[in-house]
Amino acid sequence: MTKKVLIIGGCGFIGHNLAIFLKKKKFDVTIFDSLSINNYFSFKKDNLPNKNYYLKILKQRQDLIKKNKIKLIIGDARNYSIISKNVDTVKPNYLIHLAAVAHANISNKDPYSTFDNSMRTLENTLDACRSLKYLKRFIYLSSSMVYGNFKKKIVTEKEICDPLGIYASLKFGCEKLVTGYNQVFKLPYTIIRPSALYGERCVSGRVVQKFVEAAIKKQPLQMVGDGKEFLDFTYIDDLVEGIYLSMIKNKSLNNTFNITFGKSRSLIDLIKVINKNINNVKVKKIKRDKLIPFRGTLSVNKAKKLINYKPKYNIEKGIPKLIKWYENTKF
Ligand SMILES: NC(=O)c1ccc[n+]([C@@H]2O[C@H](COP(=O)([O-])OP(=O)(O)OC[C@H]3O[C@@H](n4cnc5c(N)ncnc54)[C@H](O)[C@@H]3O)[C@@H](O)[C@H]2O)c1
């Protein structure tokens, strides 16, 4: 039997890649998105560097959604009646909540909009789903930022969360809201904590995207501090596979998982890999933002054991794949 999936915020970086993957796995996929946060309408309005290139990428996402026959509802998830009406119409077996202001720096500058588009949209969606008999799983995308500064080199899901700043605090609050809906309404959930994502058609301005784009343009890579900072760089295909497994495996029920590559690497390592693929990379050191926590490896042993998660992309494999994609899209 075909299973219905509704992805709130599904036109974003994670969402459109996930939607295409699930469609190929024969799910009946519907996306609900306002296209207004870090997406088509906001890029059209703002005057950002490389605006036309990013608009082309965002258009490419929409073309792929159409080509793969994925249904797209354009709407604002801050509006409860619109969300509940659409949940009632779609009748999803799986609901994946991705809508957010998904960037720590922007969130610290604009807490109001972050709360509204992240937590308000989540609460509306949880409430619309709270007593659906056919809902098998509510998947919430959290973040490695909930841990705050890593106190150990490797953190497991048992680590005490100590978030820093608006984005991370809201992510942690959102996790608690999801588990609260489980306690009160028995909502079946899975929470996923990704980290340092990269991959095709990302316009979010995270470190890998910024480094690769600067290297292609022969501009210096703006490296924070001395480059000895470690991040668990995760290729989008690994995350998408992890989300899929957490949907279909029984042992993910009412559980929280780190879904990353599972081994952190330094910024210097990342730069070396980029330099191997694009020669003569130049680096400029910049000051560290003290609200961004020091991170490291997220243990994925729980996901390996319970849902058979097997990440495939270290940076030696993922970065050349990404650079090839940039070459093909003529950045
Ligand atoms: N990309 C990462 O590195 C990363 C890492 C950790 C966690 N996450 C989390 O995963 C989720 C998705 O991240 P992403 O990178 O795909 O973000 P994104 O910014 O690319 O996509 C978010 C999407 O949500 C939509 N949206 C926002 N507010 C909405 C609203 N009110 N109504 C309808 N749609 C709305 C936007 O239009 C956008 O298409 C977020 O919750 C984010 O915090 C992302």
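Atom set for the values below is all heavy atoms of this structure, side chains included, hydrogens, waters and symmetry mates excluded. Indexing begins at 1, ligand by ligand and atom by atom, following the structure's order. Along the sequence shown, the residues carry numbers beginning at 1. Everything numeric in this text was worked out from a predicted model, so none of it was measured.
Every residue meeting the salt bridge (charged side-chain N to carboxylate O under 4.0 Å, His left out) condition with Glu159, not counting sequence neighbours, appears here in chain and number order: Lys152.
Ligand 1 is surrounded by Gly9, Cys11, Gly12, Phe13, Ile14, Asp33, Ser34, Leu35, Ser36, Ile37, Asn38, Asn39, Gly75, Asp76, Ala77, Arg78, Leu98, Ala99, Ala100, Ala102, Asn117, Thr121, Leu141, Ser142, Ser143, Tyr167, Lys171, Pro194, Leu197, Arg206, each with at least one heavy atom closer than 4.0 Å.
Both the sub-6.0 Å distance and the 45° axial angle are satisfied by Arg288 relative to the ring of Phe294.
Taking the six-membered ring where the residue is Trp, Tyr147 and Phe150 present perpendicular rings, their angle passing 60° and hence far from 30°.
A salt bridge between Asp28 and Lys4 is absent, with no side-chain N of the basic residue lying under 4.0 Å from a carboxylate O of the acidic one. Between Asp63 and Lys66, none of the side-chain N atoms (NZ, or NE/NH1/NH2) sits under 4.0 Å from a carboxylate O, so this pair counts as no salt bridge. Ion pair Arg265/Glu316 flagged as a salt bridge, since at least one NZ, NE, NH1 or NH2 atom sits closer than 4.0 Å to an Asp/Glu carboxylate oxygen.
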